[in-house]
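Below is one structure; the comments refer to it alone.
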Amino acid sequence: MHLLRIELENFKSFGGQITVPFDEGFTAITGPNGSGKSNSGDAIQFVLGTRSTKVMRADNVGDLIFNGGKSGKQARHMSVTLVFANTPEIDGRRRLRVDEDEAKFTRSVRLNRKNQPVSSYMIGDRSVTATEMRRTLAEAGLHGDGYNIVLQGDVTTLATMTPHRRRGVLEEVA
Amino acid sequence: MHLLRIELENFKSFGGQITVPFDEGFTAITGPNGSGKSNSGDAIQFVLGTRSTKVMRADNVGDLIFNGGKSGKQARHMSVTLVFANTPEIDGRRRLRVDEDEAKFTRSVRLNRKNQPVSSYMIGDRSVTATEMRRTLAEAGLHGDGYNIVLQGDVTTLATMTPHRRRGVLEEVA
Amino acid sequence: RRTRLLAVFEHVNTNFTRAYKLLQPGGDGRLLLENPKNPFEGGLEMACVPPGKSKRTRRSFLSGGEKSMAALAFIFAIQDYEPSPFYYFDEVDQNLDPFNAERIATLCRLRSMQAQFIMVTLRKVSLNLADHHIGITHAGDGCSRRIADFDRAAALELGEEFEKEKA
Amino acid sequence: RRTRLLAVFEHVNTNFTRAYKLLQPGGDGRLLLENPKNPFEGGLEMACVPPGKSKRTRRSFLSGGEKSMAALAFIFAIQDYEPSPFYYFDEVDQNLDPFNAERIATLCRLRSMQAQFIMVTLRKVSLNLADHHIGITHAGDGCSRRIADFDRAAALELGEEFEKEKA
Ligand SMILES: Nc1ncnc2c1ncn2[C@@H]1O[C@H](COP(=O)(O)OP(=O)(O)OP(=O)(O)O)[C@@H](O)[C@H]1O
Ligand SMILES: Nc1ncnc2c1ncn2[C@@H]1O[C@H](COP(=O)(O)OP(=O)(O)OP(=O)(O)O)[C@@H](O)[C@H]1O
Ligand SMILES: [Mg+2]
Ligand SMILES: [Mg+2]
């Protein structure tokens, strides 16, 4: 099981529809400052994660919708889909409890008439609750918390935080 | 006027006597992690600065004395001398109110019998108070506070501090 | 709750000591509970002595790069406690010298045999060691795009084109 | 007190706008007092729009490198308010891409005509632009020493020898 691709639509600086394909093994992402590298990490955290929007450098989920850039209009809908390879393993079972060779997890936000952000979650084409999505992902060892996803600055924070907070990190793991 | 050299004796990781000469213009210091680059900046801050030992990653001035490294003994005395070129300028005046072509500012710490650190200050070979040393340096525009000395991590701290603290930075400049 | 934390501590500490020795050959690192009897009363420290340094070295004495290597050993130790099928690292090699940056990239490459590793980096050493390369840029209109036909040579080129101009 | 802060603010803000335009050509930056009538009640923000981005960009949206460039513009703005004969910068180019690292090193080089600049750096771009080079290392016994006969070639070599081994 591995991440096949991320499908982004109007997520942060990714205006329009953009697909980022991945391979197994060791992949490096590079590019100039401000190009959108960390935003692609925020997209993974957005679907997998339990951490607040603050770690994605946004005050609320509405800030995660493409703001139009230099000349465009702000989008009113955004979504991120993580697509995992889910072919049955040697023992015949699929790692993710989804009956497809490609398991798709989608989280999207749209602005309602009062401009308030409304979140929704999907596995494949089926609408689910946030909890159900997290549970299905967690069964396969895909957590957003812990240090499976190390965002920019996390290393320095961990090195300089107080011993009390670092004990808290260990408690979360327990 | 410019910094001619730093004379270090048992300051942090600089065991024994070490001189680091400088030229005018743009000088780059490089070397592996943990080699002592930032310690040389701490040495400048130690003489010029008003900031606490905390910014030099030490709990008290005693921590700034060479601890012996892998196999040696802890030193009981340390000192840092900043030597500035002070030849008279076009108008015949020296920038620093010291009557020498080379103005030497020394700060040293020794451990007394009760192992408590005792600081002392010298201009040339004359003992002075901390305030007198700071005043002589400040007259020539040599301050330890403000952002003339940008220690490792200061840029990130400035970029992520709260607006209130940033206003405080402006107040200090005023 | 206490027994659980102590059991996790033992496990992660063993991982940490192993990871630190791998990342800082010749050095010595271990985790310390400030109050082992009542762990919730005290904190958790990383007691690390980089290669060649005095045993009396405290965490606050460490340099920027030495602190990052300790924190990365802690991250690998936690990841080993509960392995995941994929990991994402964002510029963890920022303040490392080329030797330490290479050690981290090599460890990621080794671990990418068991799990997928995605690493955002600007450093040539790390780009050199990755199997696959993705380029992201924005076209001056504030809209991020993926650079098509991107590979290791193109990734190294992005940094190099710079140095060629200057040399 | 209040009139003094407002006067300093005007001066530093003018410096900041100029420095930001120099460091991020095509972008736009200025300082904002949250409460201009009672400056001590509110904070001070850096309102920056990097080249090509939306006018609605807030400081918290900026990337690591974009934030550093804003903070460096602020540092230069403060330095210009009360010039000093010498400046020391410690790894300020850590999270900058080669283009931004070069802009910072070039600005330091320009300013080194008026005042002495000492910069600790691990980046080739910055080492290339310095006039003089100092190498510091520790000999494995925890004791820092200066590397004798060190120059630009030796400095670039320190980073390169690494890449040669790996290539
Ligand atoms: N909702 C949004 N709409 C459009 N652009 C956004 C949005 N949120 C953030 N951005 C932009 O995304 C950019 C930051 O991207 P990101 O943090 O991914 O850069 P990066 O490639 O990681 O850069 P660095 O190398 O400096 O870390 C900022 O310029 C910011 O203005
Ligand atoms: N009093 C002391 N006696 C001996 N060594 C000390 C003392 N204080 C600090 N050190 C050592 O100095 C080293 C840190 O040096 P410094 O911070 O200057 O490294 P650096 O060259 O800036 O590295 P980096 O590139 O990672 O920032 C640490 O290994 C620390 O143990
Ligand atoms: Mg980033
Ligand atoms: Mg340093």
Side-chain angles (χ1 to χ4, degrees), chain B residues 1-3 12-16 18-20 22-32 34-41 44-45 66-72 84 95 140-143 146-156 158-160 162-167 169-171 173-174, chain D residues 4-5 8-9 12 33-34 39-40 42-46 67-68 70-72 74-75 78-79 81-92 94-95 108-109 112 116-122 126-127 129-138 140-147 155 158-159:
Chain B
M1 187 188 95
H2 70 281
L3 180 66
K12 292 188 87 174
S13 57
F14 292 94
I18 295 181
T19 299
V20 185
F22 289 101
D23 296 282
E24 283 187 277
F26 184 19
T27 301
I29 298 179
T30 194
S35 56
K37 301 184 297 291
S38 295
N39 289 346
S40 65
I44 297 172
Q45 178 75 28
F66 180 58
N67 66 12
K70 202 184 179 90
S71 49
F84 290 98
R95 189 88 187 249
L142 289 166
H143 299 281
Y147 282 95
N148 300 341
I149 299 177
V150 178
L151 298 177
Q152 195 165 357
D154 279 358
V155 171
T156 309
L158 188 60
T160 51
T162 65
H164 270 275
R165 268 196 59 204
R166 197 173 294 113
R167 190 209 61 227
V169 167
L170 200 65
E171 277 175 61
V173 174
Chain D
R4 182 146 178 68
L5 183 71
V8 171
F9 171 78
V12 174
L33 280 168
E34 289 181 343
F40 297 100
L44 176 72
E45 239 333 332
M46 302 189 289
K67 274 191 192 124
S68 290
L72 283 161
F74 190 51
I75 286 174
I78 291 178
Q79 288 181 350
Y81 178 72
E82 211 177 342
S84 160
F86 103 96
Y87 298 106
Y88 171 90
F89 277 176
D90 195 339
E91 296 199 35
V92 298
Q94 259 185 25
N95 58 4
C108 288
R109 204 182 151 71
S112 74
Q116 186 180 23
F117 250 86
I118 299 169
M119 183 178 191
V120 174
T121 180
L122 300 174
S126 311
L127 291 171
L129 283 162
D131 305 318
H132 315 287
H133 299 79
I134 290 175
I136 291 183
T137 188
H138 72 83
D141 60 357
C143 189
S144 297
R145 302 181 204 310
R146 195 168 66 83
I147 305 173
L158 201 76

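With rounding to the nearest 0.5 angstrom, the CZ atom of B/Arg165 is 9.0 Å from the CG atom of B/Leu158. Atom OG1 in B/Thr19 sits 8.0 Å away from atom CZ in D/Arg146 (nearest 0.5 Å). Between the CZ atom in B/Phe22 and the CD atom in D/Gln116 there is a gap of 7.5 Å [rounded to 0.5 Å].
By number of non-hydrogen pairs under 4.5 angstrom with chain B, the leading residue of D/Pro39, D/Ser68, D/Gly42, D/Gly135 is D/Gly42. In terms of heavy-atom pairs under 4.5 angstrom with chain D, the leader among B/Gly69, B/Gly141, B/Ser71 is B/Gly141. Of the listed residues B/Lys70, B/Lys37, B/Glu24, the one with more heavy-atom pairs under 4.5 angstrom with chain D than any other is B/Lys37. The candidate from B/Ile44, B/Asn148, B/Asn39 with the greatest count of non-hydrogen atom pairs under 4.5 Å with chain D is B/Asn148. Ranked by heavy-atom pairs under 4.5 Å with chain B, the list D/Leu122, D/Leu127, D/Ile147, D/Val120 is led by D/Val120. Between chain D and the options B/Val173, B/Val20, B/Asp23, heavy-atom pairs under 4.5 Å are most frequent for B/Asp23. Between chain B and the residues D/Ile75, D/Thr137, D/Ile136, the largest count of heavy-atom pairs under 4.5 Å involves D/Ile136. The greatest number of non-hydrogen atom pairs below 4.5 Å with chain B, out of D/Asn95, D/Thr121, D/Val92, D/Val12, is found for D/Thr121. By number of non-hydrogen pairs under 4.5 angstrom with chain B, the leading residue of D/Phe9, D/Phe86, D/Tyr81 is D/Phe86. The choice from D/Ser84, D/Pro85, D/Pro83, D/Gly142 that makes the most heavy-atom pairs within less than 4.5 Å of chain B is D/Pro85.
Side-chain contact between B/Phe26 and D/His132 is absent, with no heavy-atom pair separated by less than 4.5 Å. Counting heavy atoms from C-beta outward, D/Tyr87 and D/Ser112 have side chains that stay 4.5 Å or more apart.
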Go through it in stages, so that I can follow the logic: the residues are B/His143 and D/Glu82, the test is side chain to side chain contact (heavy atoms under 4.5 Å, CB included), and I'd like the CA-CA distance, side-chain angles, deciding distance and then a yes or no. CA-CA 10 Å; B/His143 299 281; D/Glu82 211 177 342; 3.7 Å; yes

Would B/Arg166 and D/Glu45 count as a side chain to side chain contact (heavy atoms under 4.5 Å, CB included) here? Give the steps. CA-CA 7 Å; B/Arg166 197 173 294 113; D/Glu45 239 333 332; 3.5 Å; yes

The test is side chain to side chain contact (heavy atoms under 4.5 Å, CB included); show your working for D/Lys67 and B/Val155 and say whether it passes. CA-CA 9 Å; D/Lys67 274 191 192 124; B/Val155 171; over 6 Å; no

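Ring geometry for D/Phe117 against D/Phe89 counts as perpendicular: the plane angle is over 60°, on a 0 to 90° scale with 30° as the lower cut.
The contact between B/Leu3 and chain D is made by backbone and side chain atoms together, counting heavy-atom distances below 4.5 Å. For chain D, the nearby parts of B/Glu171 are the backbone and the side chain; heavy atoms of each come within less than 4.5 Å. Interface remark: B/Leu151 contributes backbone and side-chain atoms alike to the contact with chain D (heavy atom separation under 4.5 Å).
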